[in-house]
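Shown next, in structure tokens, is the structure this report addresses.
Every chain is numbered from 1, with letters handed out A, B, ... down the list of sequences.
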Amino acid sequence: MIIDDKLTKEKYNQKSIEEWVMNYWKDKEIYKKIKEKSNRSNKKFYFLDGPPYANAKTIHVGTLWNKVLKDTLLRYYRMKGFNVWDKPGFDTHGLPIEVMIEKELGSNNKKDIVNKIGVDNFINRCLAFVKENISAMTKDFQEVGVFMDWDNPYLTYEDSYIESGWYLIKKAYEKDLLYKGKNVLHWCPRCETTLADYEVSEYKELEDPSVYVKFKVKNEENTYLLIWTTTPWTLPANAFVMAHPDIDYVMIEANNEKLILSKERLDKVVEESRIKEYKIIKEFKGKELEGLEYVHPLEELVKAQNELKKYHKVVMAPEAVVSGEGTGLVHSAPGHGEIDAIVGSKLGVPLISLVNDQGFMIEDAGKYAGLYFRTDANNEILKDLKEKKALLHLGKIKHRYPVCWRCKTPLLLRATEQWFIKVSKIKEKLINEANNAEWVPQWAKDRFMNIVGNVRDWVISRQRFWGIPLPVWECENCHHIEVIGSLDDILKLNGKRPSNMHRPWIDEVILKCPKCGGQMKRVSDVLDVWFDSGIAFYASLNYPRNKDLYENLSPADLILEGHDQTRGWFFSLLRSGVIGFDSVPYKRVLLHGFVLDEQGREMHKSLGNYVSFEELMSKEPRDVVRLYVLQNTTWEDLKFSWKGIEQLSRNFTIIWNVFSFASMYMSLDKFDPNNIKLDNLTLEIEDKWLLSRLNNLIRNFNKYYSSLEVHNAARLVIDFIVEDVSHWYLKLIRKRVWEDEDTPSKRAAYATLYYVLKNWLLLSTPIIPFISEYLYQKFVRSAEPNLPESISLLEIPDANLSYIDEKLESKMELAKKIIENTLSARMKAGIKIRLPIKSLIVSTHENGIKDIIIEMKPYIKEMANVKDIQVVGKEFFEQAKIYKLEPNYKELGPSFKKILPMIVQEVKNKEEEIGQSLVKNGYYELNINGEKIKLEAKHFKIQATYPEWLEVSESDIGVIAIDKRVSEEEHSEGLARDIIRRIQYMRKELGLPVDAYIETWITTDDNEYLYNIKALEGYIKNETRSKSINYISPPDDSYSKEWEVEERRIIIGIKLKQ
RNA sequence: GGGCCCGUAGCUCAGCCUGGUGGAGCGCUCGGCUGAUAACCGAGAAGUCGGGGGUUCGAAUCCCCCCGGGCCCA
């Protein structure tokens, strides 16, 4: 079938195109058909989707970028013949969702959930909420054309997923990696719950005591370590003092006491404590303090100190010593500080917390038992320190202090019992396995390896409800522990299958202790929500219930997420992979950036710079949005700008115009693309050039996709259609397709253009699938109806290397350069393009260029509107140069004295000749009164110019000049073009078909002008499809118009010739 | 405080790995074109390549320090 003209008649509207395509895909079940085709392939590609957190009804623009990036790669691999695994996922558990539901149900704390709401109600509400979000988010993803298996996502709340999670916990247990221990976490004493890191996000300006406390050095008279704290209530739990080994410390004497503190802080401490006089006794590095023992001032008042006093000495902990505050000596209570706990655990210090769930000091706090930590306990402790003369100074500080974001109660750090996985034990294995994955960009791997190298044990337990239940049962009788790996394990221990794997139902499962036969109950914790997504690599494949699938697909060929996931998901996958399977579960990782606002700040609703998905999609077409995010350097942040999108969208008009142009002329000439073999046609140079460019594009496109440089591929695809096809090729073939006759040259142009556009559509499909599908249907498939139903069912080709001709491409580049230079010379000379130029003169210092110019002559002539091109040697311009000599009297005077006026006269007469010689030889000999006189270059200021008629422009190719002399004939040719342009304009105004013939009338009162027009009648007739031109006033039934052309009045009339 | 990334024209960004006279698009000014026309073409103005130091014959590029922004951690 032939190309039809539907496209030409259609007005371009990207949004309605996209609606059409959406409906088409739906009606024809295109995704299903793509999957069927993909599934037949035996080249597997396991893509693992990082599950977005299902806590909202719409997605963030960053999430859109994430999925579009995934989509473009999946589409690419499918069109490269891979069997692509594309199951999407959603992350559904966790505290943030619990809190949202709590708010909705009016719950204030954990007790409310248990007593007022009921855990079962609460969980059901969480589940319903998450389900609503998942379907809303799915709609958003589908909206931007993300082709993934949306009917079969993996959901972390499903029973099968939970069971898969248990598998890993059991694995860890079997490998002796699971243990129960203490960990310091933020705690809200009102809500009686621990808060995860990401919940500690709200701070308040609060006032606290700022105190310098003296810890007496053991066995030294009157010598004290000076520590600083804003939390006196932690002093009873003090275990040791931390110092920095490399910074300078001093011992000073003041008020008959010796105090040890850091040199840097000395001035500040002296000032604050109002010490009037002191002297420095000693100066030394912190290292020297190591092991120095001290006596705690409250030792006798606090029961727990009986245990803690064994550890009272200075330890080296550079990570704990912050410059710019305190004294360089940090009081450490491992039960109440994060760094303290880490340092303490290395020393084997127990994590002793002296505060209970409600914030009151416990019995072990001795004298302070029963007092609330930040108020009564603080006061009582400060009073005692004063009494014991251990308080150097008591001040006040206002600082940012974390508060509970629900009840605004100040938080405290507190050691609690938690379940851990001993990741530190498998650190070496983690490092080895991490090394097996490839990262794009490469620097991401450095970042990752740094994180892996600093791994700590993993706290997996949370005292919450909406999460994977910790599969640990404990015997009430003998405290034996069983770790359950599956439902089968439950049945084996006489347990009943729960109706739902979540709390509270799972808590009702009672097992029979295999040791003593007693009742075993589940430990009430749930798992950290990070656990969930970390097991996706096997849990999403229904492992271990279906082992084949996992064994066939694993490891994942590709994962890709934002760079914040380096420590997040990428790491948790590695960790779970090594715990459960001794290997890294992915081969390649691609990082993408964040979407920031135009100034590079994070988008926040409160900052007013937030762009919602809804707003974006209502304003911009899908393909434009896709291209916008995809062309941004993938791993760098995207500074979102409406203007940027706007600019990018202009490319789409060009794409449309290219196809519209093609379909207009092809349909006019009834071009049938079926059964055409390019190699059988007589291709012109520009055809061969475009075919070379296309295949170079295909080659680079494939290269970029396989190296995951999607942005480079996207830029290339757009550049090609805009620069090579639209701006260059179409211009070159205009003359050829405007011919009436059916010439082989025209056929070749159509065949080339069709081949190129069809292949280009294939490349553009993964990036902008909507317009690609549309143009495929309307342009390609309407002529080749036997092609597959969707462009996505075709394959992206490999480059046909035989078409690539680098030499030809560089020849074209050269021609372009010459044309540019010619146009530049025209500009300077003020000769518009309509006026033909008689001669273009090019001199070059490179051999070979001459041949190229001769070969490319037709293009240069056509594009620059020149009649002839001369290639000359470089001496041409040297000889053409005219030299102006300005006498330099300072030099001439002393040399020639009296005869100088005669010399100057003579020089004026022979200026050009002398100038030439001075430049060439450096001297010129002159005869004055029979006397030989040697003139040198230094005697003149030499200025070189070119003759008037030559406009010269110099470039890296050589020197290019145009002959500015425009003949009368050429001038009138320019005038003829003026006429032609106006007739064309009128034709268009009348809405005449491109191929219609007309009759034309021209009158003007300028007879000379009319004469010139008459001389060019043939040319004008041909260009305007005029059957005849009459030089009388146009008849009434014609369409006529009065024009002004270079200050002449001209009346032109045209009429359709039937 | 630590690790990594980014900083190039008014704006958005290439170039940096592998050192050799600073680029593109948009915007701006001027001009042109007119059967793809809400398109297109040309010219021009515009840069301390974040700052400083080093290596080198030569640094946007390699090294060190600092400043600003981002992510992750402390």
Side-chain angles (χ1 to χ4, degrees), chain A residues 7-8 11-12 197 244 318-324 338-339 342 441-451 453-454 456 562-568 570-571 591 593-594 596 598-602 628 631-633 635-641 643-648 650-651 653-665 668 711-712 715 718-719 722-723 725-728 730-731 734 737-738 819-828 830-835 863-865 953 956 977-978 980-996 1023-1025:
Chain A
L7 216 55
T8 316
K11 200 164 181 287
Y12 170 58
D197 292 345
H244 195 298
E319 68 271 34
V321 180
V322 180
S323 69
E338 286 171 290
I339 300 182
I342 297 163
Q442 280 184 5
W443 53 257
K445 189 165 188 170
D446 301 338
R447 191 191 266 198
F448 189 65
M449 294 312 285
N450 184 269
I451 290 166
N454 290 321
R456 289 198 270 146
H563 47 58
D564 57 327
Q565 296 303 327
T566 310
R567 173 172 285 267
F570 300 145
F571 180 68
L591 249 59
F594 270 52
L596 307 174
E598 217 161 349
Q599 281 89 45
R601 295 171 311 175
E602 229 182 305
Y628 182 62
Q631 56 80 41
N632 192 79
T633 306
W635 41 86
E636 280 175 20
D637 293 344
L638 168 66
K639 289 190 202 159
F640 184 91
S641 132
K643 226 173 95 190
I645 296 182
E646 175 57 34
Q647 284 173 15
L648 201 67
R650 293 188 195 183
N651 293 317
T653 327
I654 298 177
I655 293 169
W656 180 265
N657 283 339
V658 168
F659 279 84
S660 173
F661 175 95
S663 97
M664 170 188 270
Y665 288 105
L668 216 53
H711 54 288
N712 282 328
R715 291 171 189 168
I718 299 303
D719 272 3
V722 171
E723 296 296 333
V725 180
S726 176
H727 291 180
W728 197 245
L730 291 193
K731 220 180 244 181
R734 262 195 157 125
V737 302
W738 187 232
I819 291 163
E820 268 173 30
N821 278 289
T822 312
L823 292 172
S824 167
R826 268 178 170 279
M827 190 79 183
K828 278 185 222 151
I831 303 170
K832 46 183 172 178
I833 297 177
R834 218 177 303 153
L835 282 182
M863 304 296 284
N865 194 16
S953 112
D956 50 350
R977 285 201 188 192
D978 280 333
I980 291 167
R981 190 191 124 199
R982 283 163 178 83
I983 296 173
Q984 302 288 37
Y985 187 84
M986 290 171 71
R987 283 180 64 110
K988 208 172 167 194
E989 278 187 321
L990 275 189
L992 296 181
V994 180
D995 52 348
E1023 290 287 316
T1024 62
R1025 294 185 160 244

OP1 or OP2 of [N] sitting under 4.0 Å from any side-chain N/O of [X]?
X         : N      : answer
His727(A) : C41(B) : yes
Arg567(A) : C4(B)  : no
Lys988(A) : U34(B) : no
Tyr985(A) : U37(B) : no
Arg981(A) : U34(B) : yes
Ser641(A) : C11(B) : no

Which residue lies toward the 5' end of RNA chain B, Asp446(A) or Gly568(A), if each is placed at its nearest nucleotide?
->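 That would be Asp446(A).
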
Residue whose nearest RNA chain B nucleotide is more 5′ - Ala444(A) or Trp656(A) |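 The residue mapped nearer the 5' terminus is Ala444(A).
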
Out of [options], which has the shortest distance to the side chain of [X]?
X         : options                : answer
Ile339(A) : A74(B), C13(B), C40(B) : A74(B)
Arg447(A) : C5(B), U12(B), A36(B)  : C5(B)
Asp564(A) : C72(B), C13(B), C5(B)  : C72(B)
His563(A) : A74(B), C71(B), C4(B)  : C71(B)

Would you please test His711(A) and Arg715(A) for side chain to side chain contact (heavy atoms under 4.5 Å, CB included) and show each step?
-> CA-CA 6 Å; His711(A) 54 288; Arg715(A) 291 171 189 168; 4.0 Å; yes

Whole-Å distance between [N] [atom2] and [X] [atom1]?
X         : N      : atom1 : atom2 : answer
Leu591(A) : C72(B) : CG    : P     : 12 Å
Lys11(A)  : A39(B) : NZ    : C1'   : 13 Å
Asp637(A) : C5(B)  : CG    : P     : 13 Å
Asn657(A) : C41(B) : CG    : P     : 12 Å
Leu638(A) : C6(B)  : CG    : C1'   : 14 Å
Gln442(A) : C4(B)  : CD    : C1'   : 14 Å
Glu636(A) : C71(B) : CD    : P     : 15 Å
Asn632(A) : C13(B) : CG    : P     : 6 Å

So, does the side chain of Ser726(A) form a donor-acceptor pair with the base of A36(B) at under 3.5 Å?
->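 Looking at the base of A36(B), it does pair with a donor or acceptor on the side chain of Ser726(A) (distance under 3.5 Å).
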
With distance as the sole criterion, do the side chain of Arg734(A) and the base of A36(B) form a donor-acceptor contact below 3.5 Å?
->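 Such a pair exists between side chain and base.
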
What integer number of Å spans the [atom1] atoms of [N] and [M]?
N      : M      : atom1 : value
G52(B) : A60(B) : P     : 12 Å
C26(B) : G44(B) : P     : 16 Å
G15(B) : G54(B) : C1'   : 24 Å
C4(B)  : C64(B) : P     : 10 Å
G20(B) : G1(B)  : P     : 36 Å
C72(B) : C57(B) : P     : 45 Å
C49(B) : C6(B)  : C1'   : 14 Å

From the options Phe448(A), Phe570(A), Phe594(A), select the one residue that forms a ring-ring contact (aromatic ring centres under 6.0 Å, His included) with His563(A).
->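 With His563(A) as partner, Phe448(A), Phe570(A), Phe594(A) yield a single ring-ring contact (aromatic ring centres under 6.0 Å, His included), made by Phe594(A).
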
Verify whether one side chain among Thr1024(A) and Arg982(A) offers a donor that lies under 3.5 Å from an acceptor in the other.
->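 Side chains of Thr1024(A) and Arg982(A): no pair found under 3.5 Å.
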
Applying a 3.5 Å limit to both distances, which nucleotide forms a Watson-Crick or G-U wobble pair with [N]?
N      : value
A60(B) : none
G1(B)  : C73(B)
G19(B) : none
G42(B) : C30(B)
G25(B) : C11(B)

Has Tyr12(A) got more than 12 heavy atoms of other residues, nucleotides or ligands less than 6.0 Å from its OH?
->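 Yes, because the 6.0 Å sphere around OH of Tyr12(A) holds more than 12 heavy atoms from other groups.
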
What's the verdict on side chain to side chain contact (heavy atoms under 4.5 Å, CB included) for Leu591(A) and Trp443(A), showing C-alpha distance, side-chain angles and the deciding distance?
-> CA-CA 10 Å; Leu591(A) 249 59; Trp443(A) 53 257; 4.1 Å; yes

Checking all strands, does Tyr665(A) fall into the base, sugar-phosphate, or nothing category for heavy-atom contacts under 4.0 angstrom?
->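 Touches sugar-phosphate only.
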
Return the polar atom pairs (N/O with N/O) between nucleotides 23-27 of chain B and the protein under 3.5 Å, or none.
residue : atom : partner   : partner atom : Å
C26(B)  : O2'  : Gln647(A) : NE2          : 2.3
G27(B)  : OP1  : Arg650(A) : NH1          : 3.0

Set out, line by line, the N/O atom pairs under 3.5 Å between protein and nucleotides 61-63 of chain B.
none

Euclidean distance, Tyr628(A) OH relative to Leu648(A) CG, rounded to 0.5 Å |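 Output value for this atom pair is 8.5 Å.
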
